[in-house]
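We name chains A, B, ... by the order of the sequence lines, and we start the count at 1 in each one. Note: hydrogens, waters and symmetry copies are ignored here, and every other heavy atom, side chains too, is used.
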Amino acid sequence: MQSIEEMQQILADVVERLGRVEDEAAIRRLHHAYGYFLDYCWYDEVIDLFAADGEAVFLSGVYRSKESLGRLYKTFLGQTYTGGRRGPVHGFLADHFQCQDVITVAEDRRTAKGRFRALLALGSHESRADKSPLLPDQVYEAGLYENDYVREDGVWKIKRLEYALQWQALYDKGWSHTTTDLPPAVPVFPESPIGPDYLLDATRKVWPERSPVDFHYAHPVTGRPIAAARG
Amino acid sequence: MQSIEEMQQILADVVERLGRVEDEAAIRRLHHAYGYFLDYCWYDEVIDLFAADGEAVFLSGVYRSKESLGRLYKTFLGQTYTGGRRGPVHGFLADHFQCQDVITVAEDRRTAKGRFRALLALGSHESRADKSPLLPDQVYEAGLYENDYVREDGVWKIKRLEYALQWQALYDKGWSHTTTDLPPAVPVFPESPIGPDYLLDATRKVWPERSPVDFHYAHPVTGRPIAAARG
Amino acid sequence: MQSIEEMQQILADVVERLGRVEDEAAIRRLHHAYGYFLDYCWYDEVIDLFAADGEAVFLSGVYRSKESLGRLYKTFLGQTYTGGRRGPVHGFLADHFQCQDVITVAEDRRTAKGRFRALLALGSHESRADKSPLLPDQVYEAGLYENDYVREDGVWKIKRLEYALQWQALYDKGWSHTTTDLPPAVPVFPESPIGPDYLLDATRKVWPERSPVDFHYAHPVTGRPIAAARG
């Protein structure tokens, strides 16, 4: 029969492990909500998912702080997509199918990392009158996320969201005949009113050029780090 | 050192939290199974996923009771897709890619809500002889689910499945040049042998018109309700 | 008030159930990592996900042992896709969108089964010079997985991966006008240097012909076995 002390130890271990399971579920939920909000251009809700000092990386540009996140989501994307209107908007499509989570919670359960991917169906119906010339009529897009999370007062928030665009494909031509026309987000703010605060040291190449998006996680079986170059 | 009473409290809390984690897993499994069954037109298995008084909402029509679910799945969809044959059927495709779960279990763990989305690849191969004129040759479809679940005798079942079709895109034209030709399911039964029992008060508009599908969940970070109109 | 013996029983039950929840999470992570590795042709990492006596089923051929897995992934796929180069490679695309997990851990927690599905976007950009004539320019592919897993020294590994290709669709034509040109992997090794060790007794038909991929799991609500023929 177990002693009280042994039971206490087992119980403490269970509490720790259960907490980690709940952490992973909370982070998956956070990211899935992020995707649903993007569908409808609910950018206030998107920005609310970030920590106070959260940041997002988009087209190799870093948007740091809530103010900069507003510049990215509400000004840059929001104006391009719907002229700043809260969606859903007649004839505008920006579906973000999110899947394939790999989430790793740090030992101290205060931070975590997550990899996800998205397939986007983006564009406008031919009946839409007020579309931006910057928005293609219909395009598929695929991207990877490697995100950082932080737990504050028991609530998981996005600390750093990095969206690594992989490819776009014009609907009529496909990825075989599309060169993704999304250069790094230059110039930086305030030279550009939608620019990032600064650029990543190494800008990511996009289709048909490729840049690997390294795993921040060990190999599930070997436990070895995973990176583009295999040692 | 913890007292026995303290340990009992911790243990009771763990049992409760672990149960909720298992609930979420059971509901995700239930919905994923739903999708796999639809792929193959296994409608008896689909209907078995519902509670005895379960209902489904499709094209703004409500099918309430197992008998009505049979009318929706076996008569309406089953006849249109495969002439009532159990699939997979030569040259018929109805893949339902399910993803992006956001599941919320009620405080009492007797009910739950879940949001999911699906991408469908639907149609027939040109070699198929016996296809229905109502079935397009090849079409993409995207939809959102906001479902209710109930736990009966320890088993989670679908209480109410609401499929909110968002858009269809003819393969050859894409969403930019397709007007989704799926009106509300009128007239109701028995005037129509495949009609619903009644219609939703507000029918959902489909592409290129849009109707938001509100979240039944609080914002993951702020805890505030989420709805199309931001207060 | 609970007795110590009662608390011990509850605690033992919690430890067991929590372990099963962690098992499912580990297996989902394993499969999602599998998909991410395939995107980039990181085949050493793919093969490391298998148990020492693991096997993979591809085009109805069984590749049994690590050596045979090397023949499948590194020689067959790797040469066709990138001439054996570790990706990502300029102008080559092999995105594997993984979703819709249904995972069942055995009573003894030493083995498990998992169903998943994938949508693939596969091909080459027109600017790519060195592509294999065996690789189509741009094709969608969909497939189901029914996998077996084993837990060794606390680590979940792939025991048997069965990829059941469902359909391919040439981008320009779609699934309505594509006949999937992927016959069973014959002849076997060593007659073919990329052949499997042996063929399944019943080869799977592919699009527009169909073969059901049976569930290895009971119906989530009725608990009855699920199979193509409904008894």
Side-chain angles (χ1 to χ4, degrees), chain A residues 4-5 7-8 11-12 14-15 18-19 21-22 25-37 39-40 42 44-45 48-51 86-93 95-100 118-119 121-128 136-139 152 155-158 170-172, chain B residues 1-4 6-7 10-11 13-15 17-18 20-21 24-25 28 97-104 115-119 140 142 144 166-167 169 171-180 205 207-215 217-224 226-230:
Chain A
I4 302 295
E5 287 76 12
M7 286 178 62
Q8 287 178 328
L11 188 54
V14 161
V15 168
L18 178 58
V21 167
E22 292 171 328
I27 289 164
R28 191 172 66 238
R29 181 188 187 91
L30 187 64
H31 187 73
H32 289 181
Y34 174 81
Y36 285 125
F37 295 159
D39 291 352
Y40 287 163
W42 291 0
D44 287 312
E45 283 83 351
D48 283 343
L49 294 171
F50 285 79
R86 183 174 175 85
V89 163
H90 177 93
F92 172 68
L93 189 67
D95 274 10
H96 289 69
F97 293 86
Q98 300 287 348
C99 64
Q100 207 172 334
L119 179 68
L122 185 64
S124 300
H125 191 262
E126 60 189 13
S127 67
R128 188 181 174 205
D137 281 344
Q138 49 183 351
V139 67
E152 296 176 345
V155 178
W156 284 98
K157 303 174 186 175
I158 304 171
L170 296 170
Y171 192 96
D172 298 343
Chain B
M1 177 175 157
Q2 292 159 331
S3 70
I4 300 295
E6 286 168 331
M7 287 178 62
I10 294 169
L11 189 54
D13 179 58
V14 161
V15 168
R17 288 162 54 195
L18 178 58
R20 304 177 79 83
V21 167
E24 286 191 32
R28 190 173 64 238
F97 294 86
Q98 300 288 348
C99 63
Q100 207 171 335
D101 60 289
V102 176
I103 297 164
T104 306
R115 189 181 183 96
F116 299 89
R117 81 190 314 159
L119 179 68
Y140 285 113
L144 296 170
Q166 298 291 293
W167 51 272
Y171 192 95
D172 298 343
K173 297 188 169 187
W175 52 83
S176 187
H177 307 292
T178 302
T179 296
T180 304
K205 298 171 188 170
W207 184 254
E209 296 190 88
R210 307 297 307 269
S211 292
V213 179
D214 280 337
F215 270 67
Y217 318 105
H219 190 284
V221 169
T222 67
R224 288 198 295 262
I226 306 164
R230 175 147 170 128

State, to 0.1 Å, how close [X] and [Y] come at their nearest heavy-atom pair, and which atoms those are.
| X | Y | answer |
| --- | --- | --- |
| A:Tyr40 | B:Arg210 | CE2-NH2, 3.9 Å |
| A:Arg29 | B:Thr104 | NH2-OG1, 2.7 Å |
| B:Asp101 | A:His32 | O-ND1, 2.7 Å |
| A:Ala121 | B:Trp167 | CB-CZ2, 3.9 Å |
| A:Leu18 | B:Val14 | CD2-O, 3.8 Å |
| A:Ser124 | B:Ser176 | O-OG, 2.8 Å |

Look at the side chain of [X] and the backbone N and O of [Y], then say whether any donor-acceptor pair between them is shorter than 3.5 Å.
| X | Y | answer |
| --- | --- | --- |
| A:His125 | B:Thr178 | yes |
| B:Gln100 | A:Gln98 | yes |
| A:Tyr171 | B:Trp175 | no |
| B:Gln2 | A:Glu5 | no |
| B:Arg117 | A:His96 | yes |
| A:Glu45 | B:Ile226 | no |

Side chain, backbone, both or neither: which part of [X] has an atom under 4.5 Å from a heavy atom of chain B?
| X | value |
| --- | --- |
| A:Glu22 | side chain |
| A:Ile27 | neither |
| A:Arg28 | side chain |
| A:Phe92 | backbone |
| A:Leu93 | both |

State the CD1-CD distance between B:Ile10 and A:Gln8, to the nearest 0.5 angstrom.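 If I round to the nearest 0.5 Å, the distance is 8.0 Å.
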
So what's closer than 4.5 Å to chain A heavy atoms on [X]: side chain, backbone, both or neither?
| X | answer |
| --- | --- |
| B:Leu144 | side chain |
| B:Lys173 | backbone |
| B:Arg115 | both |
| B:Phe97 | neither |

Under a 4.5 Å cutoff for heavy-atom pairs, which residue among B:Pro212, B:Pro220, B:Gly223, B:Cys99 has the most contacts with chain A?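 Between B:Pro212, B:Pro220, B:Gly223, B:Cys99, the count favours B:Pro212.
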
Mind running side chain to side chain contact (heavy atoms under 4.5 Å, CB included) on A:Met7 and B:Leu11 for me, showing each step along the way? CA-CA 10 Å; A:Met7 286 178 62; B:Leu11 189 54; 5.9 Å; no

With chain B as the partner, which of A:Asp172, A:Val15, A:Asp39 has the greatest number of non-hydrogen pairs under 4.5 Å?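 So the answer, after comparing A:Asp172, A:Val15, A:Asp39, is A:Asp39.
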
Picking from A:Leu49, A:Leu30, A:Val89, A:Asp137, which has the most non-hydrogen pairs under 4.5 angstrom with chain B?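 When all of A:Leu49, A:Leu30, A:Val89, A:Asp137 are compared, A:Leu49 has the most.
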
Go through A:Phe37 and B:Phe215 one step at a time and tell me if the ring pair (Phe, Tyr, Trp, His ring centres under 6.0 Å) criterion holds. CA-CA 10 Å; A:Phe37 295 159; B:Phe215 270 67; 5.4 Å; yes

